[in-house]
Each structure stands twice: as structure tokens, then as C-alpha cells.
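Structure first, then comments.
Naming: A, B, ... by sequence-line order, numbering from 1 per chain. Not measured: the values here are computed from a predicted model.
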Amino acid sequence: MTQQEQQEQQESKLFFSRHLLEWYHQQKRDLPWRRHRNPYYIWVSEIMLQQTRVDTVIPYFHRFIERFPTVEALADAPEEDVLKCWEGLGYYSRARNLQHAARQVKEQYGGNVPNDRDAVFSLKGVGPYTAGAILSIAFNRPEPAVDGNVMRVLSRYFLMEDDIAKGPTRIKMERLAAELIPEGSASHFNQALMELGALVCTPKSPRCLTCPVMEHCAGRLAGCETSLPVKTKAKPPRPEERLAALIEGRGAHAGRVLIRQRPMSGLLARMWELPHWPAPPAEGAAPGARLADAAAQDRLRRSLVKAGISARPSEHWMAAEHTFSHIIWTLQVYRCREEEGLPLPMPLAAEGLAVYRAEAAAAVTAYSLEGASANGAGTASSDIGEAGMTPSRGADLESVLLTDSIVPLEVEVFADGTENPEDMGAVRWINREDMARYAFPNVFLKLLNSYFDVQEGRKE
DNA sequence: AAAGCGGGGTA
DNA sequence: TACCCAGCTTT
């Protein structure tokens with residue numbers, strides 16, 4: 001680069017910083033977390049804003065701050081309260097990490113959000129972007145805060161064709177963003193950068209004509225602003241067919257349905273849901289094809305029994321879809337009836353388990369008989385017999401139970417009365433009022449509300 | 001370095 | 001309906 005080019009580059013940077021800051025002072029939105037410079041508010045808002053739009057976050061932010069007004073209040077709250085407050089916002093590890101970090105702040109920093117880089121960065125759930133955002137926005141420290149908005153803005157203004165999905169690109173952008181921060185204005189400037197990305201320099205159709213730095217935007221001058229930033233696209237989510245059970249209680253559980261808690265870690269960790277299991281593909285059918293109704297009910301019955309839940313599918317109720325970034329669940333939801341005679345909810349004592357196993361044996365035998373005759377008649381109800389769990393007559397029940405690919409509900413109490421702390425999967429019978437106490441992923445929230453609506457005669 | 005982790009918006 | 005958005009943790 002010649003000396004002249006370097007000088008032009010320098011002027012371009014100064015122009016950018018000056019005009020962007022000026023624009024921000026005129027155009028900034030009135031957002032709840034901008035009304036105070038409370039580091040805790042900034043922190044909570046930044047965690048919520050990860051992968052989430054401002055409009056979605058605002059109501060959650062108000063509720064969260066009202067419920068947990070201080071770091072200490074958050075640190076001292078029961079985890080399920082925090083999860084319930086986050087319900088519907090997605091990426092629930094953010095909520096658990098945030099509370100974990102609040103406890104870090106309470107114990108290690110006397111309840112005050114730290115203002116040095118290493119300390120902030122050490123907080124659970126705080127990575128390079130969020131650390132920079134907290135340090136700059138809350139403490140006006142000259143740290144870069146490079147998120148997707150910022151990378152889009154910078155890649156266009158400086159016409160950078162680096163793949164923003166790659167790690168080294170973020171490092172490069174952070175170096176550049178740090179150089180751009182005007183002396184003493186880190187807080188406003190970093191927010192300005194993100195505000196521009198959100199309001200003007202949008203992914204699809206950037207509003208260049210209203211942009212405060214359009215005159216020196218290299219991407220626009222080259223006419224390639226809409227093809228920036230360069231980014232390798234993620235692979236598509238894999239489809240997963242699942243069978244879900246909406247179990248209607250009887251007797252003591254009349255008017256209630258059964259929910260279970262997910263495992264301590266992994267997908268939707270510790271959230272509550274209707275029980276559901278993978279639907280194996282029908283033999284010889286196209287992958288992803290729906291299981292025939294009778295076969296699906298049979299399969300679901302087996303899953304229920306093996307999970308220690310005494311209930312029987314009665315009819316297909318509805319299908320529901322839940323999309324993650326990496327999986328698409330298609331849930332076929334079956335109404336099921338609780339079968340009386342065996343106490344629910346779990347956990348099972350050893351004797352109870354033996355009873356269930358006996359019933360499972362009966363179910364397996366019944367299945368074998370039905371399956372055999374159905375096969376003889378040439379119908380299509382034999383599609384449960386996938387590898388590893390063919391329930392042929394005389395099959396060893398224990399081996400069926402143990403080698404079945406279905407993950408059982410972990411509802412057993414060990415012989416000494418203790419529970420498995422890692423995979424304890426609690427179950428509960430709930431009515432609509434009880435829903436307020438449990439955090440559900442959106443799809444189950446909608447299913448349960450819809451179900452109770454029908455029960456209460458509010459809808460068809 | 002790549003994969004896992006939700007939910008809502010727009011074209 | 002198809003596609004887009006995107007930061008941190010874990011592996």
C-alpha cells in the first residue's frame with residue numbers, strides 16, 4: 001500500500017467514526033437497557049440479544065429485571081424460576097449460564113459486575129463479543145464488540161471479502177473495530193455500529209440512501225453491498241420424526257396430563273415436555289415417511305411401557321413441528337389414556353418396576369401375536385421390527401429392554417433409594433394452572449395450551 | 001475447527 | 001414455503 005493509499009484509508013476511518021457517532025446521537029432507539037448505565041442491565045440485555053431480535057427481547061427484559069432486579073437476586077433464585085422467565089426465548093443454556101455467572105459475580109466480585117477484561121471474560125456465557133459489549137457499553141472501555149451486525153457493516157464499508165463464518169475473520173474485524181473507536185466514546189460508538197447494522201445496513205436490502213457513511217462505503221461504491229458479507233452457509237437441519245404422548249390422567253389424575261423433565265444437559269436441558277420418542281422409519285418405506293397409524297400407536301405403547309408409564313394410545317391428535325438450527329422435529333401427537341392400577345407418577349420402587357416389566361412382557365407377547373398375524377395377512381404393521389429390537393415370540397424381555405435403542409425415561413429409584421442425579425427425569429401430572437411452574441419449549445407450550453383450550457370448551 | 005444449541009423474521 | 005439470522009460452549 002502506498003503512502004497515499006494509507007492516508008486515504010486513514011481518512012476513510014475517521015470519516016466513518018465521526019459521522020456514525022453523530023448519526024447515532026440523532027437516531028438511536030429508546031431501549032429499556034439504554035435508560036440506565038447499570039452494568040447488570042447491560043449484561044442481561046446483551047445475553048438476551050445473542051441470536052435474538054430487539055423486539056423479541058424487550059418484553060423478556062422487562063420481566064426479567066422485574067423478577068431479578070440485581071445480580072444477587074438472580075444468584076439466589078431457584079434455577080427453575082430463571083428458566084421459566086426465559087421460556088420461549090430459546091437457547092436456554094444462556095439462562096443457565098447467566099445465573100451461573102451471577103453466582104460467580106456475587107461470590108468473587110461482591111455482586112458488582114467486574115470491569116476488567118479477564119474477569120468479565122471468565123464469566124460463564126460471556127465470550128469475546130459480550131465481554132467487549134459489557135466493557136464498552138457499561139464502562140466506556142475502548143474494547144471492540146464485534147457481532148454479526150458489526151461484521152456486516154465493516155465488511156461492506158471496507159469491502160472485505162473474508163468469510164465471516166471463519167474464526168480468524170472475527171479477530172481481524174476486532175482489530176479494525178478497535179482502531180475505529182473515537183477517544184472516550186467507546187460506549188456510544190460500539191452501540192452506533194450495531195445500531196447501523198440493525199436499522200440501515202441490513203442483511204437483505206440495505207438502506208444506503210439514508211446511511212450516514214454511504215459516501216465512503218467501498219462496498220457500495222463497488223456496487224457489491226448486497227453480496228457482502230461473504231459467509232459459508234450452514235448445512236440444513238436434519239428431519240426427525242417423533243411420536244409424542246399426551247397422556248390424560250384418570251382417577252386421581254383426572255383433568256391432568258403427564259409431563260416429564262428433560263435430562264440435565266444437552267438439547268433443551270431441564271425443560272419440561274410431553275414424553276416423546278423417535279419413530280423408526282417404516283421398513284421398506286421412504287426415509288422420513290410417516291409410520292402407519294396402528295404401527296405408530298403400537299410403537300408408542302412400547303415406548304411408554306418401557307419408560308415405566310402405564311398408558312395406552314387411543315387416537316392421533318395432531319402433528320406439530322419444532323425447528324432447531326440443526327434438527328427439525330415432526331411430532332405426531334397421540335392422545336393416550338392412563339391405565340389405572342399402577343401408581344403414577346414415578347419414580348418406581350423395585351417392586352413397581354417388576355410389575356411394569358411383567359406388563360412389558362405381556363405387551364411384547366401381545367405385539368408378537370398381533371404382528372405375526374398381521375404379517376400373515378400381508379398388512380403393513382410389522383414395521384416396528386428394526387434391527388436390535390425385534391420382539392419375536394419368546395424373546396428375552398430383559399435383552400429387549402436393555403438393547404432397545406429408545407432412551408428410557410430415567411424414573412427409577414435405585415435399590416438404596418437414591419436417584420440418578422445426572423439423568424433424573426421427573427414426571428408430573430399437571431393441569432393448566434400448573435403450567436405456570438414449569439418451563440416448556442414453545443412447541444409444547446402451544447400443544448398444552450391448545451389441549452386445555454379444547455378441554456375447557458374454549459375452542460373446537 | 002466443527003458441531004450443538006431455539007425461535008422468529010422476511011422474501 | 002424457503003431462507004436468513006448468529007454468539008458461546010463443548011467436542
Point to revise | side-chain hydrogen bond (donor to acceptor under 3.5 Å, both in side chains) contacts touching residues 45-54 of chain A (sequence neighbours left out) | key: E46(A)-Y129(A), Q50(A)-T130(A), T52(A)-R94(A)
Review point. Are W329(A) and F324(A) close enough that their ring centers fall under 6.0 Å?
Key: yes
Quick one: do [X] and [Y] make a salt bridge, cutoff under 4.0 Å?
X       : Y       : value
E225(A) : R156(A) : no
R35(A)  : D30(A)  : yes
K84(A)  : D81(A)  : no

Practice item. Please confirm whether R270(A) makes a cation-pi placement over W86(A), using NZ or CZ under 6.0 Å from the six-membered ring centre and within 45° of the ring normal. Key: no
Check your understanding: Base, sugar-phosphate alone, or nothing: which one does K204(A) contact when heavy atoms must sit under 4.0 Å apart?
Key -> sugar-phosphate
Exercise for review: Using a 4.0 Å heavy-atom cut-off across all strands, classify D147(A) as base, sugar-phosphate, or nothing.
Suggested key: sugar-phosphate
**Study point:** Test side chain to side chain contact (heavy atoms under 4.5 Å, CB included) applied to L258(A) and H253(A), step by step
**Key:** CA-CA 9 Å; L258(A) 187 83; H253(A) 307 129; over 6 Å; no
Exercise for review: Answer with yes or no whether the side chains of S187(A) and Q191(A) bring together a donor and an acceptor at under 3.5 Å.
Suggested key: yes
Study note, to complete from the structure: Ranking K233(A) and G125(A) by the position along DNA chain C of their nearest nucleotide, the one closer to 5' is K233(A)
Check your understanding: Start at the 5' end of DNA chain C and walk down; is the nucleotide closest to I164(A) or to L123(A) reached first?
Key -> I164(A)
Taking atom [atom1] in both [N] and [M], compute the distance separating them and give it to the nearest angstrom.
N      : M      : atom1 : value
dG9(B) : dC8(C) : P     : 23 Å
dC5(C) : dC5(B) : C1'   : 14 Å
dA3(B) : dA6(C) : C1'   : 14 Å
dT9(C) : dG8(B) : C1'   : 23 Å

Check your understanding: Taking any atom under 4.0 angstrom from a heavy atom of chain A, which nucleotides of DNA chain C are the first and last to qualify, 5' to 3'?
Key -> dC4(C) to dT10(C)
Review point. E174(A) and R170(A): salt bridge (charged side-chain N to carboxylate O under 4.0 Å, His left out), yes or no, with the steps?
Key: CA-CA 6 Å; E174(A) 283 176 343; R170(A) 201 203 72 236; 3.0 Å; yes
Review point. I328(A) CD1 to dG8(B) P: how many Å, rounded?
Key: 15 Å
Check your understanding: With the sugar-phosphate defined as primed atoms, P, OP1 and OP2, and the base as all remaining atoms, what B/S/- string results for nucleotides 2-7 of chain B, 5' to 3', for protein heavy atoms under 4.0 Å?
Key -> --SBBB
